> 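Here's a structure for you.
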Amino acid sequence: MAGNLLLTSPLEACSFIRPKELAAMQAAGMAAVRDLLFMLPRRYEDRRMFDRYDSLSSGAPVCLRGRVVDVGWKGWGGKGGKGRGRYVEAVLEDEQSLGNARFSCLWFSMPGIARMLCAGQEMIVYGRMKPYGKKLSMVHPDFELIREGEDNSIHLNRIVPVYSGRMGIPVRRLREIVWEALEQLSPEPEPEIYEFVPGVPCKTALRDLHFPGSAEARDKTRRRFALEECLAQQLNVAYRRRRAEAVPGMQTAGSSLLVRDLAASLPFELTEAQKRCVREIYRDMKAPRSMNRLLQGDVGSGKTLVALCAMLLAVEHGYSAVMMAPTQILAEQHYLKFRQMLDKLDVPVSLVTAERKEESHISFGGQGGIVVGTHALLYGKNVPERLGLVVIDEQHKFGVNQREKLIAREERPDVLVMTATPIPRTLTLTFYGDLDVSILDGMPGGRGKVVTAIRTAKDREKVVKFVRDQLEEGRQIYVVSPLIDGEESRKGKAVTKELDEWKALLPHVDVGLLHGRMPAEEKEAVMKDFRDNRTSVLVSTTVVEVGVDVPNATVMIINNAENFGLSQLHQLRGRIGRGAYKSYCILMTEAQPGDEQWEKLHIVETTSNGFDLAEQDLKLRGPGDVLGTSQSGLKGVRFEEWLLDVRLIHRGRELAEAILTEDPDLKSAKYRPLRFLLESGEMKRVAN
Ligand code: ADP
Ligand code: MG
């Protein structure tokens with residue numbers, strides 16, 4: 001029974017929504033019917049065929065239907081008491097399984113549950129079966145009561161949607177509202193609802209999105225919406241790419257005498273991979289269009305040197321070059337290193353950070369020069385004239401908009417962004433689709449091996465002895481603890497406490513402390529002491545995570561390692577193994593073999609390649625968690641599953657290219673609704 005409700009109708013037009021529900025939905029930001037219908041089901045339950053309790057195997061979530069045979073308070077404490085450690089247990093009988101198997105559902109600290117359930121009540125539960133005491137139970141399952149004497153047809157004998165943002169509306173009721181809206185939706189196309197992708201029209205697809213007739217229909221429709229989202233993202237990327245290509249770039253390279261001189265002065269040779277990357281960059285910089293290149297290489301692969309070569313090319317031809325780093329420590333380190341390397345080449349280098357700036361206005365007097373800095377480069381007059389090249393180190397620490405801010409000027413400079421993951425290969429196209437990619441594979445030779453090992457509290461003494469041995473041989477040690485003083489301490493030891501312990505353990509050794517809340521000068525001084533080997537042990541938070549380069553450091557101890565992500569552990573591990581010495585990464589943990597946490601650490605223990613780790617991380621946690629919602633470009637992604645689907649991304653890209661070829665600025669009436677997608681670098685929710 002199709003009605004005349006439109007996707008653009010206000011929710012007020014839905015007579016079936018009660019005033020209280022309407023208020024709740026509006027408070028959650030919903031205004032029109034489309035806001036309701038584009039609310040994605042978090043998952044689905046197939047209620048045509050429930051799982052059978054007697055056929056349960058592993059720990060995967062299951063959906064069961066059963067009748068309550070007993071419900072009450074359990075656990076220790078006096079009978080009937082409701083103190084801590086007591087819980088509500090409902091025993092359910094699974095009528096579908098052989099022999100009427102019984103199982104329990106448990107709720108802790110939720111006294112209200114006891115009042116909702118009674119014997120004889122039929123319910124549907126969803127969750128994982130876990131051993132509790134002697135038997136398998138479901139702890140805090142999602143559940144729904146089956147209302148006897150009411151119409152359950154929307155909720156039973158079909159695949160039903162389950163939503164996460166419920167706005168205080170019971171899921172059963174929310175499902176009914178969505179159902180009713182779909183029932184009353186007019187099938188007519190609406191001019192304001194843009195059909196992004198060929199195939200099934202939006203309104204038909206929406207029905208399958210909420211109430212799919214089969215698992216295939218569900219997957220097909222989700223893929224359709226994912227493609228729409230992907231198209232939107234690729235449209236943005238393709239547009240930026242085209243725009244960058246359209247700007248006549250500067251020719252910032254030609255001869256390369258400075259690079260030759262630099263190479264001659266180094267105690268080592270550039271690796272083949274480094275030479276190849278420099279050649280690729282050189283070609284872009286020489287071309288009349290501007291460069292937009294990503295330099296991707298694992299931690300320690302030597303990206304900085306490649307960037308320095310690129311900057312020298314610009315300088316030789318009268319341009320200045322800027323390198324932006326994500327932290328003060330890193331900017332300072334690059335600055336010192338460049339000064340030292342360029343000493344004889346007579347190339348000026350300046351440092352710009354919020355706290356420290358060499359001059360108030362940077363000028364190389366018409367000649368080229370290099371500026372290294374932090375975010376401070378984005379403000380004021382911190383960028384030199386005749387800017388020919390912008391390098392962004394550890395690009396994933398910046399937003400696309402920050403990158404654009406530095407680049408957006410009358411004459412567009414060449415751009416080189418660098419990253420050591422944590423973007424897995426499969427995602428490069430999604431996130432860096434507007435960039436050409438150079439891959440710095442392979443490590444410089446002469447590097448010591450890095451061994452990784454998991455250790456627990458009982459190994460502490462051995463670890464300390466090992467540290468003493470390494471110190472005796474003249475090496476340096478990092479100790480990383482996750483927390484600064486005063487922060488929630490259940491998650492791990494504070495870094496200051498760790499400092500005191502090491503000072504006590506090693507009374508004749510100089511131990512330094514580094515954390516993010518220290519004033520910048522203090523941080524710099526601490527890093528300098530460590531770099532110059534005046535302190536032998538550096539106790540730190542994860543501020544040492546990116547880029548810090550001290551080749552003499554050979555041991556990295558990471559406390560509460562289970563609290564870190566795989567890629568972050570890899571980044572931390574990348575601080576060692578930078579010199580000729582064999583190095584050791586020790587993951588301290590309270591996890592036990594067999595735990596999920598332990599397995600995670602075991603992956604780090606056995607995988608040394610950052611890209612492989614990133615892929616594994618992705619499988620383990622899914623793209624949303626790996627990249628974090630703050631990761632620029634991922635905001636607003638709703639169909640995470642497409643992020644991994646290279647074919648879908650290619651298809652989205654094809655569609656985007658076709659649209660832009662037809663109408664490069666989306667000015668025609670047909671494409672104008674898509675224009676908003678071009679406005680910024682951030683991922684936008686699809687128009688509908
Ligand atoms: P990342 O790619 O992680 O930023 P860096 O650029 O900091 O790595 O380089 C790591 C270390 O390797 C530095 O100490 C650097 O001087 C050294 N290095 C770079 N290129 C070479 C090379 N071709 N041979 C030997 N050592 C190199
Ligand atoms: Mg680096």
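Just so it is clear, the structure is predicted and the values come from calculations on it, not from any experiment. Atoms within each ligand, like the ligands themselves, are counted from 1 in listed order. By convention here, the first residue in the shown sequence is residue 1. The figures that follow rest on heavy atoms only: side chains count, while hydrogens, waters and symmetry mates do not.
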> For ligand 1, which atoms sit closer than 4.0 Å to a heavy atom of K337?
13 (C), 14 (O), 15 (C), 16 (O)
> Quick one: are T353 and E332 in side-chain contact, heavy atoms under 4.5 Å?
no
> Within the 4.5 Å heavy-atom criterion, are V550 and F530 side-chain neighbours or not?
yes
> Considering the heavy atoms of L270, write down every atom of ligand 1 situated less than 4.0 Å from one of them.
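Result: 23 (N).
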> Quick one: nearest non-hydrogen protein atom to atom 10 (C) of ligand 1, plus distance?
R578 NH1, 3.1 Å
> Just so I know, are the side chains of T541 and L514 near enough to count as touching, which here means a heavy-atom distance under 4.5 Å?
no
> Would you say that H334 contacts M323 through its side chain, given a criterion of any heavy-atom pair below 4.5 Å between the two side chains?
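Counting from C-beta outward, H334 and M323 do come under 4.5 Å.
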> Considering only the protein, which heavy-atom contact is closest to atom 24 (N) of ligand 1, and what is its distance?
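Going by distance alone, atom 24 (N) of ligand 1 is nearest to F268 CD1, 3.2 Å.
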> Please report whether ligand 1 has a polar contact with G445, defined as an N or O pair separated by less than 3.5 Å (distance criterion only).
no
> How does T271 reach ligand 1, if at all, at less than 4.0 Å between non-hydrogen atoms: by side chain, backbone, both, or neither?
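Both the backbone and the side chain of T271 come within reach of ligand 1.
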> Hydrogens and angles aside, do E605 and T452 bring a side-chain donor and acceptor to less than 3.5 Å of each other?
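Checked: E605/T452 side chains show no N/O donor-acceptor pair below 3.5 Å.
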> For atom 13 (C) of ligand 1, grab the closest protein heavy atom and report residue, atom and distance to one decimal in Å.
D549 OD2, 3.1 Å
> At what distance is the nearest protein heavy atom to atom 20 (N) of ligand 1, and which residue and atom is it?
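Its nearest protein heavy-atom neighbour is Q274 NE2, 3.0 Å.
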> Looking only at the side chains, is there a donor atom on one of S290 and D414 sitting less than 3.5 Å from an acceptor on the other?
no
> Does G297 have a heavy atom less than 4.0 Å from any atom of ligand 1?
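Distance cut 4.0 Å: G297 fails for ligand 1.
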> Which one of E269, K303, M443, R447 has a non-hydrogen atom at the shortest distance from atom 17 (C) of ligand 1?
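Comparing heavy atoms across E269, K303, M443, R447, the nearest one to atom 17 (C) of ligand 1 lies in R447.
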> Just to confirm my output: which protein heavy-atom neighbour is closest to atom 9 (O) of ligand 1, and how far is it?
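Going by distance alone, atom 9 (O) of ligand 1 is nearest to G302 CA, 3.6 Å.
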> Measure across E394 and P326 and return the closest heavy-atom pair with its distance rounded to 0.1 Å.
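Nearest pair, atom of E394 first, then P326: CB-CG, 3.7 Å.
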> Can you name the atoms of ligand 1, numbered from 1 with element, that are less than 4.0 Å from a heavy atom of T304?
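So the atoms of ligand 1 that pass are 4 (O), 5 (P), 6 (O), 7 (O).
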> Need the ligand 1 atom indices (1-based, order shown) with element for anything under 4.0 Å from a heavy-atom of V299.
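Reading through ligand 1 atom by atom, the close ones are 3 (O).
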> Does some side-chain heavy atom of V437 sit less than 4.5 Å from a side-chain heavy atom of R293?
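No, every pair of side-chain atoms sits at 4.5 Å or beyond.
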> Please say whether G300 places an N or O atom under 3.5 Å from an N or O atom belonging to ligand 1.
yes
> Please check: side-chain N/O of Q476 versus main-chain N/O of T535, any donor-acceptor pairing under 3.5 Å?
yes
